[in-house]
Each structure stands twice: as structure tokens, then as C-alpha cells.
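Only one structure is covered here, and it is reproduced in the block below.
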Amino acid sequence: MSQQTTLAVVVPKFSEFVKHLPTVYDLAACDQEILRQLWSGLGYYARARNLNKGAKFIVEKLEGHFPQSYYEWLKIPGCGSYTASVIASICFNEKVACVDGNVVRVVSRLLGLSEDVWSSSGKSAIQTYVDQMIPEERPGDFNQAIMELGATVCRKSKPLCLLCPIQKECLAFAHNCVEICPPKKPRRDTVDVELFALVFWRKATDTVAIAHRTKGFLSNTVGFPLIPATEASEVKQVLQSLLHLQFLELSSKFSHNITHHRISGKVLVVQELENPSITTESVLWRELGLSQSFDWVPRSVVASKLSTSFDNKVFKLFANYK
DNA sequence: AAGCCGTGGCA
DNA sequence: TTGCCAAGGCT
């Protein structure tokens, strides 16, 4: 959970998570829908799927025995060099450095590195450097200490150099270049995106279609089908031709950011009338070019099925209209 | 190896 | 309001 996610957000989620799934066997056997609910609001949903994969790997291939080394943990799905180093050093006293964003910053300043610390080669060099510094005693505590130093003293903005225990050794402090060490992480320019979220509403049973999205934003998550705004007119034409349907484009837009995408969205409510024709769901889906499986869910329980913040926004607009 | 992926919190 | 970004991993 803590991968690329603020700890303050993680902690309460983690408590709830382990309360429901206290063992690796529970996690391995966990139903995807339950997993989605427990992960709801945390983002980067591939992490939740990998966590489940990793648990299955341990239960099925390792007979429930946890790996006991950095190298073996690296083979677990969702477990990269950072996570493997955390587990190996804290749980098994292995002398391997944890290189997260904090550690990159601390070392960048300590050594006065003002360029290329975020690339894979840059982080690899930092890994090698800190690996050499790990003491024999309590490697895990050492790793956590550097990370904590980065989080509290050697922080990104307004570092507390006057309180820093390694101020005397810090080249950035000595050369008065703490401001440019480390350089900012390179980031993609923000891209504006317009899209439509489709809310299929079967009035007769008061049910709503929830799709398993297979491509684009929020791929491999469950929620409302999404289409680029550029395809909206085409979809509307198809909808026009299907006489048992009527659609309504809600006037209010919603906005949402996904990584470097600034999304402006509108909700297209597609209502199935009281007396539907024989057109089947699969035909409807095929004609709309939505290659996604879906379930019809009672409107009253849709909210409990949704797991992304994006879908929550969409459903709120729909509920407001309804 | 660079590009990709969600969200909440904070300045 | 807007931008920045976090105890990264996968492809």
C-alpha cells in the first residue's frame, strides 16, 4: 500500500485491510470484489491485484512459506527492489538498502548530487552506495532511520538542516546547494482529456450496468464504461437507432485527475425503457464497440460495488439527476 | 529505458 | 484554485 502513497493515507486503510485479511491464506483466497472494496480510494489498483497474485504465489508455489531473502522476495508479484529490501532488512536482518524517494533525497544532498538521481541508473548508484553503509546490527532500523530522516528533517521543502544529525558530513549543506539537491523529478506535461461515462439504467428493474473495463483509464477495474469524447457522437448515433433506448447527456460536468491527465467528463445516461425489445445486452455492447463484460446491479447497491473515486463522482452525478 | 498508472493531502 | 507529489512496480 505504501508504494507511491502517503503513509498518513495508508495507515487507516491498512488497519482495516489486515482486520479482514489477517493471513496470507485469507489474502490468497480473497474474492476480487472484497479486495476492491478494501483497496477503495487507494489508487494504483494493479497493486491490489498484484498483492493477491503474490499471496497466491506464496500459498500455491511456496506452500505457504514466506521467502526469507531479498532475492527470493523479488520474485513475488508486486514486490520490487524497494519492497523486497524493506522486508529482507526488517524481517530477516539482511544488509540491503531501501531506496525510496526519501533516501534518494538524503543521499543526493549528502553527496551533493544535483543531477540524474531519479533515473534507474541513478537510483542503482544510490542503492550501491547505501548498501555499503548498512551496519551489521539491525539493518532494518538503519533503513527506516534514513527514510525517517528524509521524511522529517531532510525533507523536500524547508529542510531542517540545523537539526540534522549528519549536517557535518553533508556536501550539499557545506556547498550551500541544498536547494538544488536533488533536482526535481522529471514529470510529464499535463494532458487535457475529455470523455464520457456511460450509465446504463434499466428502469424496469431499477438496475445499472457495471462494466469490467479492459482498456484505457482505470483498465482492469470495475465501474462505468468510459468512451473518449471524440467517439461520443458515433455512440449517440447508434443509441438513436436502438428504439428501446433513450439517452440523456447530463448538463453538469465532472473533473478528475489521473496521473498527468486532467480529465473533463460528462455523464451519458442510457435508459432502457419499460418494454425492451429483444435486443440483447451483448448486441448492445457490440454495437457500441464496448468490448467489456458487465453486470446489472440494483441501483440501491451500486455505490457499494464501486471502488474508484472516479466512479463515485460519476454515480453521484447520476444519483443527483435521478 | 522511458512511459504508464489513482488518489488524497497540502502548500 | 492549481500544481505538486508520495515508504514504486510493471511493461
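Note: hydrogens, waters and symmetry copies are ignored here, and every other heavy atom, side chains too, is used. Labels below follow one simple rule: chain letters A, B, ... track the order of the sequence lines, proteins then strands, and each chain is numbered from 1.
A heavy-atom distance below 4.0 Å to DNA chain B is reached by these residues of residues 1-11 of chain A, ordered by number: A:Gln4, A:Thr5, A:Val9. Near DNA chain B, meaning a heavy atom under 4.0 Å away, the residues from residues 32-43 of chain A are A:Gly41, A:Leu42, A:Gly43. Near DNA chain C, meaning a heavy atom under 4.0 Å away, the residues from residues 83-119 of chain A are A:Thr83, A:Asp100, A:Gly101, A:Asn102. Residues of residues 254-262 of chain A having a heavy atom closer than 4.0 Å to DNA chain C, listed by number: A:Arg262. Applying a 4.0 Å cut-off to non-hydrogen atoms, the residues of residues 148-162 of chain A that approach DNA chain C are A:Lys156, listed by residue number. Shown for residues 44-51 of chain A: residues whose heavy atoms fall under 4.0 angstrom of DNA chain B, namely A:Tyr44, A:Tyr45.
A donor-acceptor contact shorter than 3.5 Å links the side chain of A:Asp26 to the backbone of A:Thr23. Remark: the backbone N or O of A:Ser124 is paired with a side-chain donor or acceptor of A:Thr128 at under 3.5 angstrom. Remark: the backbone N or O of A:Pro183 is paired with a side-chain donor or acceptor of A:Trp118 at under 3.5 angstrom.
Ion pairing between A:Lys203 and A:Glu272 fails under the 4.0 Å rule for side-chain N and carboxylate O. Looking at A:Lys13 and A:Glu16, no side-chain N of the basic residue comes within less than 4.0 Å of a carboxylate O on the acidic one, giving no salt bridge.
Legend: residues meeting side chain to side chain contact (heavy atoms under 4.5 Å, CB included) with A:Ser121, ordered by chain and number and at least two apart, are A:Asp116, A:Ser119. The side chain to side chain donor-acceptor pair (under 3.5 Å) test applied to A:Asp295 returns no partner, not counting sequence neighbours. Residues forming a side chain to side chain contact (heavy atoms under 4.5 Å, CB included) with A:Leu51 (at least two apart in sequence, or on another chain): A:Phe17, A:Leu27, A:Trp39.
Here the side chains of A:Cys98 and A:Tyr82 are in contact, with some heavy-atom distance below 4.5 Å.
A donor atom on one side chain and an acceptor atom on the other are not found under 3.5 Å apart for A:Asn50 and A:Arg47. For the residue pair A:Asn52 and A:Gln32, a side-chain donor N or O sits within less than 3.5 Å of a side-chain acceptor on the partner. With 3.5 Å as the limit, one finds no donor-acceptor pair spanning the side chains of A:Arg138 and A:Ser89. Judged by distance alone, the side chains of A:Thr83 and A:Gln3 do bring a donor and an acceptor atom under 3.5 Å apart. Side chain to side chain, A:Thr221 and A:Arg213 meet the donor-acceptor criterion of an N or O pair below 3.5 Å.
Across the P atoms, C:dA7 and B:dA11 are found 14 Å apart, a figure rounded to whole Å.
Remark: P of B:dC4 and CG of A:Leu218 are 16 Å apart, rounded to the nearest angstrom. The interatomic distance linking A:Phe310 (CZ) with B:dG8 (P) rounds to 13 Å, in whole Å. Between A:Lys215 atom NZ and B:dC5 atom C1' the separation is 18 Å, expressed in whole Å. Atom CG in A:Leu306 sits roughly 15 Å away from atom C1' in B:dG6 (whole-Å rounding). Between A:Asn220 atom CG and B:dC5 atom C1' the separation is 11 Å, expressed in whole Å.
Position along DNA chain B of the nearest nucleotide to A:Arg188 versus A:Ser307 favours A:Arg188 as the more 5'-ward residue.
No continuous path of ILVMFWY side-chain contacts below 4.5 Å connects A:Leu226 to A:Leu268, so the two sit in separate hydrophobic clusters. Under the 4.5 Å side-chain heavy-atom criterion for Ile, Leu, Val, Met, Phe, Trp and Tyr, A:Leu21 and A:Phe14 are members of the same hydrophobic cluster. Taken together through direct or relayed side-chain contacts under 4.5 Å among Ile, Leu, Val, Met, Phe, Trp and Tyr, A:Leu248 and A:Phe318 form part of one hydrophobic cluster.
Rounded to the nearest 0.5 Å, atoms CD (A:Glu136) and CZ (A:Phe142) are 12.5 Å apart. The distance from atom NZ of A:Lys313 to atom CZ of A:Phe224, rounded to the nearest 0.5 Å, is 14.0 Å.
Look at A:Ser309 and you'll find a side-chain N or O under 4.0 angstrom from OP1 or OP2 of B:dG8.
You can see that DNA chain C meets the heavy atoms of chain A within a 4.0 Å-exclusive cut from C:dG3 to C:dC10, reading 5' to 3'.
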Cut-off 3.5 Å, no hydrogens considered: what does the side-chain donor-acceptor table look like for residues 186-197 of chain A, sequence neighbours left out?
unit_1	atom_1	unit_2	atom_2	d
A:Asp192	OD1	A:Arg262	NE	2.7
A:Asp192	OD1	A:Arg262	NH2	3.3
A:Asp192	OD2	A:Arg262	NH2	3.4

Please table the atom pairs, donor to acceptor, closer than 3.5 Å between any side-chain atom in residues 159-171 of chain A and protein atoms at least two apart or in another chain.
unit_1	atom_1	unit_2	atom_2	d
A:Gln167	NE2	A:Cys161	O	3.0

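Among the heavy atoms of the strands, none lies under 4.0 Å from A:Thr190.
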